Amino acid sequence: MNKLDIKLYPDEILRTRCKPTEMSDEIATLIDDMLYTMYEAPGIGLAAPQVGRDVRVIVADVSEDKSQPIALVNPEIIATDGEIVYEEGCLSLPGIYAQVRRPAKVKIRGLNRDGQPVELEAEDLLAVCLQHEIDHLNGVLFIDHLSTLKRNRLLHKYRKEQL
Ligand code: GNR
Ligand code: NI
């Protein structure tokens, strides 16, 4: 297992639209390294662009005891329902947090680590986390869901703290 470096905002890879990928040994290794990196961070999710790779790969584990790793390749949200407001943070924007409103339930289709097609229904924290990770694959950060005023306030605080 390799611990990968996490890219920080404003690294341009965080604004890149990532490419669909086929499953391969290389992608399986990337998944393993991303899970290890996520647990070490620690975080509840991680997307490939956060470790410098522009491919559509995400991992997550929202369980208490870190026993339920999820990995998805080319994930797509195929249905949503409800609404939830949750305080989000991001390993690529350390130190800033904000309330974000999103659908509370999502149905997601993708490939698992074995390259098999899977469908997954998620709600609450897992739904929030998977949407946050899929946003990363499209170059979208949680601050993009805020008003311009709130986003600018947070970015000002972030720039001050990063120096
Ligand atoms: O570790 C993380 N915690 C978190 C909390 C609320 C909503 C989303 C997240 S994901 C984040 C890790 C991360 O930056 N993933 O991209
Ligand atoms: Ni993030």
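From a predicted model like this one, the values you see are computed outputs, not experimental measurements. Atom set for the values below is all heavy atoms of this structure, side chains included, hydrogens, waters and symmetry mates excluded. Counting starts at 1 for both ligands and their atoms, following the listed order.
- Inspection of the environment of the Ni ion (ligand 2) yields the following protein N, O or S atoms under 2.8 Å: Cys90 SG, His132 NE2, His136 NE2.
- Proximity of His132 to ligand 1, defined as any heavy-atom pair under 4.0 Å, is confined to the side chain (atoms from C-beta onward).
- Residue-to-ligand polar distances place Gln50 within reach of ligand 1: an N/O pair is separated by less than 3.5 Å.
- Residue-to-ligand polar distances keep Tyr86 apart from ligand 1: every N/O pair is separated by 3.5 Å or more.
- For the pair His145/Glu88, no side-chain contact is recorded, criterion being any heavy-atom separation below 4.5 Å from C-beta on.
- Geometrically, ligand 1 and Gly45 share a nitrogen or oxygen pair separated by less than 3.5 Å.
- Nearest heavy-atom pair across Ile13 and Pro49 is CG2-O, 3.3 Å.
- Applying the ring-ring contact (aromatic ring centres under 6.0 Å, His included) definition to pairs two or more places apart or across chains, none involves residues 64-92.
- Note: no N/O pair closer than 3.5 Å links Ser92 and ligand 1 by distance alone.
- Taking any N or O of Val128, backbone or side chain, none lies under 3.5 Å from an N or O belonging to ligand 1.
- Here the closest non-hydrogen pair linking Met34 and Val51 is CG-CG2, 4.0 Å.
- Checked against a 3.5 angstrom limit, the closest N/O atoms of Ile44 and ligand 1 fall inside it.
- Of the options Glu88, Glu133, Gln131, the smallest heavy-atom separation from atom 6 (C) of ligand 1 is shown by Glu88.
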